[in-house]
Structures are given as C-alpha cells and as structure tokens.
Colleague: 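There's a structure below that I have some questions on.
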Amino acid sequence: MATHRIGLLTGGGDAPGLNAVIRAVVKHAVGGLHWQVVGSEDSFDGLLSDPRRLVNLSPVSCQGLLHRGGTVLGTTNRGDPFVYPSADGTPVDRSAELAATIEDEGLEGLIVVGGDGTQRIAHRLMQTHGIPVVGVPKTIDNDLAATDFTFGFWSAVEVATEALDRLHSTAESHERVMILEVMGRDAGWIALYAGVAGGADCIAIPELPYDVDRYIGKIKARRRRGRPFTLVVVAEGAFPAGFDPGSTAPHAFNGGAGHHLGKLIRERSDAEVRVTVLGHLQRGGGPIPYDRVLATRFGVHAVELVRNGQWGRMVRLENGLITSVPIDEAAGPPRLVQTDHPLIASARAVGIELGVKV
Ligand code: F6P
C-alpha cells in the first residue's frame, strides 16, 4: 500500500474548529490510511526554527481535540517565509530554506489550514519552490470568496448572538441604547447574521457606510412605540458615510467603531448609550456543532485530495457539498456583503435599520 508522509500546519488568527480539522486529518490519514502526519508548530515557524519544532501526530495525540478551541499546533500572524522577520526586524526570504527542510524531513507536501494570507503563502511556495500544498480555509469573518462558509464563523455568530441576548435584558431594564461591536474589519457577515439572530434594531457594516440620523430615527420611533431601548450591532470596520477609512492608518478604526457610533448618537440625542466590544471572545472557546462537522469534513477531504494527488487545491463548501478549487482562488479579494444579499432584504423586512436609504 502506498504510504505518504505529509506536514500539517495552522496559520493566521485562530478560529474555533482548527483542532477539529487537525483531528480529522490525523484520524483519517494516520488512523485510517496509516500515513505519517507531522505537525509544524506555530504555522511555518516549526519548519524554520533551529531546532525544528515538529511533532508526529497520532490518533492518540489528537484525543479530546474535537471540542477544544484554539489550535494545539499553535499559530502566528507573522512568519511569512518570504518576508520572515530577522532578529533586527529586517524581512528576509527564508522560503528556499523552508523548501530544503521539507525535503530533508521527507515530507511529500503540506496541508495548510489558514485564511487568505496563509493560502497566499502556500500558493507562492508551490509556484516558487514546487512545494505540493493542499489548503483548508479558515476565518471567523467568513469573507473567503472560494467557499460558502468557513469553519469558526457560526461559532463566532453564536457568541455574538448570546451577547445580544444578554444585552437585550439590561438594555430594556435601563431604557438604554446598547451598542455591541463585533469582529469584521472588511466584511460585515458576523454583524449581519448575529444582528438578525439576536433581534438587533440597527446594524452597521463596513460595506454600507451609515447615516447616523437613520439610527437616531429608529431609536425615536421605538420610543414612540413604547420600546424605549435599542440594540445596535456594529462591525469593527463600520464607519459613517463621508468618513474615508483609507485616510487614516490601516485599521485605525479597529476597536473604535462601536465607541465612535456611540459618540455620534450621544451628540445627536438624549439617549443613554453603552458600548460593549466583544473582541476575541468571538474567537476563543470551542466550536459549535456546525463548525465541528464542517471542520471534520474539510479535514477528511484535504486528505482525500492528497490521496488522489490533487495538490494545489483548497477544500471548500459549495452548496452543501465539500469540493475543492485551485488554491489561488482563495487568495483573491475578500467576499463582502453585497447589498442584494437575501439576508439584507430579510433584515429590512423585519424592521432592522442598516443606516442607509433603501
Ligand atoms: O480575521 C479574523 C480576525 O478575527 C478579524 O475579525 C479581526 O479584525 C482580526 O482577526 C483580529 O486580529 P488579531 O487577533 O491579530 O488582533
């Protein structure tokens, strides 16, 4: 029986379900097919460190991983082998070294679990050094164009929805405007889905620069109807119309979108406003069942791609089925919320104010 020895790593920000992917890859490849799977710690770093930080993964070492948050392999946002930060901070190209290590370790190729940045690196490694790669898409933001959903997204939506449920009762008791800022720098998927699920009255997303007066109008209309409290969900990348986010340092609005909207509402009304920034609570903790299942299906399919020699592809969810696409498709522009997305229409139909004229 042909055997394989492959590397596995997780890169970029973590997401609930990473461990479920690791477990699925190892259970299928090692437990089922008797391959060897070598984990690289902290993304590509494990292959570049001296000594190397590599771990032989087995079904036993992956026991109890399905429901655990984070990634047992560790991860990092830094460590692109093409622009690797040296001791004095100058970026150096260590990609050839990485290719040599992969050969030295007898690895046939890598399964790379990560977001668009990590998939872009994987694609470049394949193009530049001929390293065989298979990608598994990950981000809680759900903004990868090549897949219907990424694992981690629904877990993040669950946390944000629970936060809204909790804010609901205190907002009602105190007759306040409660603003919840959720993640989503470029795309408002978490804000939109959690806003609908949590019964928000107003939603602000980066794709729709808002007019604060529309939110004020909603707050006042609710008061007139005997509902003197309002729930607002704001994606961290949302901003008012007329504000040029490109005019400030990248992500200058990061962490400030909720407070900024709160300030605007206070300036224009007598509403008592409180702001909650949910932050990394959305990324921490274990995956919900949907993400466990999706991560497991992704992991198994990644092994199947290797088994069939289909390197250079990334697994994806397509209309309920797990299929794959050339990995460079993941490296394209992010998938943003389109104004004609059906959930936008549903949100409006149930009276949610999106801050823009219909
Ligand atoms: O891309 C995922 C994400 O969680 C974004 O929603 C968020 O803006 C960013 O990562 C936070 O990154 P970091 O953990 O590096 O602060």
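Whatever order the structure lists ligands and atoms in, that order sets their numbers, starting from 1. Heavy atoms only: backbone and side chains are in, while hydrogens, waters and symmetry mates are out. Count residues from 1 along the sequence. Since the model is a prediction, treat every value here as computed from it, not as a measurement.
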Colleague: Check ligand 1 against Asn77 and write out every atom of the ligand that is under 4.0 Å from a heavy-atom position of the residue.
Modeller: 15 (O)
Colleague: Check whether the ring centres of Phe153 and Tyr193 lie less than 6.0 Å apart, and answer yes or no.
Modeller: yes
Colleague: Can you sort out which atoms of ligand 1 are near Arg185, meaning under 4.0 Å from one of its heavy atoms?
Modeller: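 By the 4.0 Å cutoff, the relevant atoms are 8 (O), 9 (C).
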Colleague: Do other residues, nucleotides or ligands put more than 12 heavy atoms under 6.0 Å from Arg348 CZ?
Modeller: yes
Colleague: Heavy-atom contacts with His280 under 4.0 Å: which atoms of ligand 1 show up? List them by number with element.
Modeller: 13 (P), 14 (O), 16 (O)
Colleague: Please identify which atoms of ligand 1 are closer than 4.0 Å to at least one heavy atom of Glu236.
Modeller: 5 (C), 6 (O), 7 (C), 8 (O)
Colleague: Could you walk me through whether Asp88 and Ser86 satisfy the side chain to side chain donor-acceptor pair (under 3.5 Å) test, starting with their C-alpha distance in whole Å, then the side-chain angles of each, then the deciding distance to 0.1 Å, before giving a yes or no?
Modeller: CA-CA 5 Å; Asp88 67 1; Ser86 62; 2.8 Å; yes
Colleague: Ser324: what forms a side chain to side chain donor-acceptor pair (under 3.5 Å) with it, not counting sequence neighbours?
Modeller: Arg313
Colleague: With sequence neighbours excluded, what pairs up with His67 under the ring-ring contact (aromatic ring centres under 6.0 Å, His included) test?
Modeller: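 In terms of ring-ring contact (aromatic ring centres under 6.0 Å, His included), with neighbours along the sequence ignored, His67 is linked to no residue.
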Colleague: Is Gly184 close enough to touch ligand 1? Criterion: a residue heavy atom under 4.0 Å from a ligand atom.
Modeller: yes
